[in-house]
2 protein chains.
Amino acid sequence: MIQTVELVAKNIKRLREFKSFSQKEVCADSTIPQGQYSRIENAKVEPSISTLEKLALVFEVDIAEFFKSDDLEQEVNLPLMQKIKMIDTLAKDEQQALLKMIDLALANKRMKDNLQTLIAQ
Amino acid sequence: MIQTVELVAKNIKRLREFKSFSQKEVCADSTIPQGQYSRIENAKVEPSISTLEKLALVFEVDIAEFFKSDDLEQEVNLPLMQKIKMIDTLAKDEQQALLKMIDLALANKRMKDNLQTLIAQ
DNA sequence: TATTTTTATACATCAAAGTATATATTTACA
DNA sequence: TGTAAATATATACTTTGATGTATAAAAATA
């Protein structure tokens, strides 16, 4: 299992090389010292959130992009999100019915969690 | 424009409260000192990548989840969106069951739409 | 090979993590 | 109710690691 810091480093380097930037160029636009940037690409350090923020601006991506693994994306949420948007197009009563079902499922989950907690005590 | 650190803090706190965990419980499972966790939720510090990694494990989400903005909530109705995020925390089989129900509702809607279109012609 | 360009590393400084403790909040019992 | 005990959250202080600065090493170009 690849370490997250290395994944982030690889993604950052890949983005830079895709844009054919030198480290210096990236840093000129981001106020990150080139030396620090070098350490980030080589996973010698764990870049802070504000550093990632600066890099995301330069590369014009979301920060989340840095954490995406190469192997087939676990985009379980995407299809769900599409469905959700469609739910909005349902009639009010249909929407309510669906929401009730969701509530049930979630209540069930919470109940199980609470039981777990009790057992753990 | 909301700061990324604050966004991350909010997302982390929301995930914890949904699971009805105390800070201590989260920390027991993650080796993060409770004091440090408190500072993270209050955006007093920028959590490191390895800290985010530990939290992602406890909450059973991708790290990218911490960086997702609430903007999506403006596209869809708000209470629904909150439920959706909760669905993510359900077990796989429960999730599948719920998705099937959603599919059914949507298929039904499509069918009616198609009928409407036919009638209108 | 000299020069320029690119990337990496040594060292000082500041912020996150770790430890201990304090403060707040909830709960249990008289 | 009031209050003691327990639980939950926040904060001071030390340690460790990321950032900032300067410089060195490596690679590319002429």
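Lettering of chains follows the sequences in order, A, B, ..., and the numbering in each one begins at 1.
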Asks: Could you report the tightest heavy-atom contact between Phe67(A) and Ala64(B), atom names first, then the distance?
Replies: CB-N, 4.4 Å
Asks: Would you call the rings of Phe59(A) and Phe66(A) parallel, tilted or perpendicular if under 30° counts as parallel and over 60° as perpendicular?
Replies: perpendicular
Asks: Mind calculating the distance between CD (Glu25(B)) and C1' (dA8(D)) to the nearest angstrom?
Replies: 10 Å
Asks: Provide, to the nearest angstrom, the distance between the CG atom belonging to Leu55(B) and the C1' atom belonging to dA16(C).
Replies: 14 Å
Asks: Expressed as a whole number of angstroms, how long is the span from Ile32(A):CD1 to dT6(C):P?
Replies: 18 Å
Asks: Can any side-chain N or O of Glu25(B) pair as donor or acceptor with the backbone N or O of Ser22(B) at less than 3.5 Å?
Replies: yes
Asks: Which atoms form the tightest heavy-atom contact between Glu46(B) and Ile49(A), and what is the distance?
Replies: OE1-N, 3.4 Å
Asks: Between Glu46(B) (CD) and dA18(D) (C1'), how many Å, whole number?
Replies: 11 Å
Asks: Counting primed atoms plus P, OP1 and OP2 as sugar-phosphate and everything else as base, spell out the protein contacts along nucleotides 9-14 of chain D at 4.0 Å heavy-atom distance: B, S or - for each nucleotide, 5' to 3'.
Replies: BBBBB-
Asks: Grab the CG-C1' distance between Leu52(B) and dA16(C) for me, whole Å please.
Replies: 12 Å
Asks: Using the rule side-chain contact (heavy atoms from CB on, under 4.5 Å), only one of Val61(B), Val26(B), Asn11(B), Leu15(B) pairs with Leu55(B); which is it?
Replies: Val26(B)
Asks: Test of understanding: with side chain to side chain contact (heavy atoms under 4.5 Å, CB included), list the residues that count as partners of Asn42(A), not counting sequence neighbours.
Replies: Ser38(A), Lys44(A)
